There are 2 protein chains.
Amino acid sequence: MVKKINATHERLPAADEAATIDNVAQMAGVSPATVSRVINNRPVVSETTRRRVLEAIAHLNYQPSALGRNLAIRRTGTLGLIIADITNPFYAEIVRGIEETAFTHGLNILLYDTLEDAEREAQILSLLEERQTDGLIICASCLPEQRLLPLMQVGIPTVLINHLPLSASIGTVETDQEAGIRAAMQHLVDLGHRRIAYIGGITTAQVYQRRLATFRATCAEAGISIPENYIVPAKPTLDGGREAARHLLPTGSKVEPPERASYPTAILAYNDLVAIGAIIEAQEAGLTVPEQLSIVGYDNIPLAALLHPSLTTVQQPARILGEQAIHLIATYLQLQKLPEGRPTFMRFTPTLIVRASTAPVVLSSS
Amino acid sequence: MVKKINATHERLPAADEAATIDNVAQMAGVSPATVSRVINNRPVVSETTRRRVLEAIAHLNYQPSALGRNLAIRRTGTLGLIIADITNPFYAEIVRGIEETAFTHGLNILLYDTLEDAEREAQILSLLEERQTDGLIICASCLPEQRLLPLMQVGIPTVLINHLPLSASIGTVETDQEAGIRAAMQHLVDLGHRRIAYIGGITTAQVYQRRLATFRATCAEAGISIPENYIVPAKPTLDGGREAARHLLPTGSKVEPPERASYPTAILAYNDLVAIGAIIEAQEAGLTVPEQLSIVGYDNIPLAALLHPSLTTVQQPARILGEQAIHLIATYLQLQKLPEGRPTFMRFTPTLIVRASTAPVVLSSS
DNA sequence: TTGAAAGCGCTAACAA
DNA sequence: TTGTTAGCGCTTTCAA
């Protein structure tokens, strides 16, 4: 019907293959450049041309290829997200905040779950170096600083969640780890506890180190000396918590009166999952929580309020951490430079939420 | 030192810009094709050449660009994942299975959270049409079939989780919805319940419709007639569950004896979150669970076992659903055709887990 | 307002 | 075993 418009060897695409910008251009009788202008809503195109192009697009059921586009503009609209454990409700909530905010910015999220494993995290990082994401969010890294830096130096704009600022990053959003631990410890000390254990956490992770350091510092300030075996690192999961607690608590029913016992009267857990694991283990060992053992968690996951006993814990604004991380990175992507000339450090203050898993220590017994 | 090898105008990249395959080729004194062969471990390259190329790569700190590569081979190694609610531990566990398995297959996951919202899901789907993912996993779609089909016809290989097979998809992995509901209902009926409500769920979602239909069918078979207001759809979240329960349960303390009461003696919830919401609401309304109200959940999230009362629920093998979904899609990607000539239908049988949130109905009162 | 042409960084026939 | 050449599908100067 319609004769070839140009003397090109262009042909229309077979029914099963996708139309390209050239097909559209040919059909509309314009150049690919013009089609590109229409697709991207450049204002310069005349109304009639625009209409012709749009018709051709509709006719061919044309979808611009992100692949071609990405290569041409050398951006992908995609962010890498490295998260420690998606099944931990605290992280899931952060991801929710990230996802939702990224969507409004037109950014896509490539998800990587490290399973709280440092080696795996390292693998993922090196994989990401070639994936050309526009940016990277690392949430609760288990890696030491010197393994994080190379990636940023390769030029991927990175935001860290719950980490201290790194010179090569574009910023950090965190809750004040020190304040969180201090609040929890103050609470336990006020309740009269002096035999306090710290359980759970990956030793290579900066969060862990900071929390532990603060734990030690607070103990020292309160004149409490902590035996080394009261510090039990473990995977920050329910099972990790159980395992750690098992090392500390009396087995079977040989529960001693608190003043003579060797086990702690209180446990500060790395996070809520660990705390819950410890509660379960304690109960199975025949200890009542909080009467014989107080337990404090960290994060305030939704589950914390629903348990029996409900969990005393340190609340972090999970969703907001995620949202702000995206805002940071989106701002950077727009400006192509650090807004303040140096990495942003955004810090929130956590809140201690006192519930039913902590109680005054009872030293004299009935 | 070394003279220009070719008469090209190639120059080495400035320090701050990334090296390309051409830079490497030039430095190694070979063609880009050869560099490509080395990068992709093609066996044909001679040892000495390979070494020269690798040296150049190291020298320039060269990272191959996935962008260029993707365009050339027209694949991205990326799968879209549409999930209803990442903060629901059941879905989080599915994502974990997907993530982990995808990683072993060298596939990357683009995560999209629909927030259990049909409109949002539709938006995401159309967005994905141009993103050129190699495949798509839709988990717990809230969209009716006719809105799902267009995407698959555009040619994106799709696997559905907890959905019936669609002709245009490459397959489906699900737990038997009908069996799950039947098991739960059998349990309630055996306990003597005849006033059973079904609460929670998005009406446009196929899972919801199937579960509800089975609920109705089982009631009919048991000779139970259910008033329409016993069926309360709601967002499948904790709050959704609370809200739905509020519609059903007596307010304040006007708890009537069961035989005269208008409210149900048992609630079958769309999922565990809804069930937990209902438990909370019931308790706040002054009802004891399970004595005055039995509640059954669905999914068996980790939390279900830890609550008081612990939750009777229908277990789904969440992680495995995710793993199998990836296997399905990975197989297809390798073969570039349906392994069995038609969409695969992989079905698991759920298990009823009886815990403490259900009890025999007490008709005579003290 | 539009088009020609060059190029983004890589791969893959094909030829040598 | 290696190089030449022609794309992959799009964007973007620059000139008309």
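In the text below, chain A, chain B and the rest are named by the order of the sequence lines, each starting its count at 1. Just so it is clear, the model here is predicted, and its values are computed rather than measured.
- Computed from coordinates, the B:Arg51 CZ to D:dT1 P distance equals 14 Å when rounded to whole Å.
- The closest donor-acceptor contact from the side chain of B:Arg52 to the backbone of B:Ala28 lies under 3.5 Å.
- At whole-Å resolution of the value, CG in B:Asn23 and P in C:dG9 are 9 Å apart.
- A donor-acceptor distance shorter than 3.5 angstrom exists from the side chain of A:Gln336 to the backbone of A:Leu333, with no hydrogens or angles considered.
- Checking side-chain atoms of A:Gln63 against main-chain N and O of B:Glu129 turns up no donor-acceptor pair under 3.5 Å.
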Readout for nucleotides 8-16 of chain D: B = base within 4.0 Å of protein heavy atom, S = sugar-phosphate only, - = neither; 5' to 3' it is BBBBBB---
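- The CG-P distance, from B:Leu60 to C:dG9, rounds to 14 Å in whole Å.
- Nearest approach of A:Asp22 to A:Pro32, heavy atoms of both residues: OD1-CG, 3.2 Å.
- By the 6.0 Å and 45° rule, B:Arg120 does not stack over the aromatic ring of B:Tyr112.
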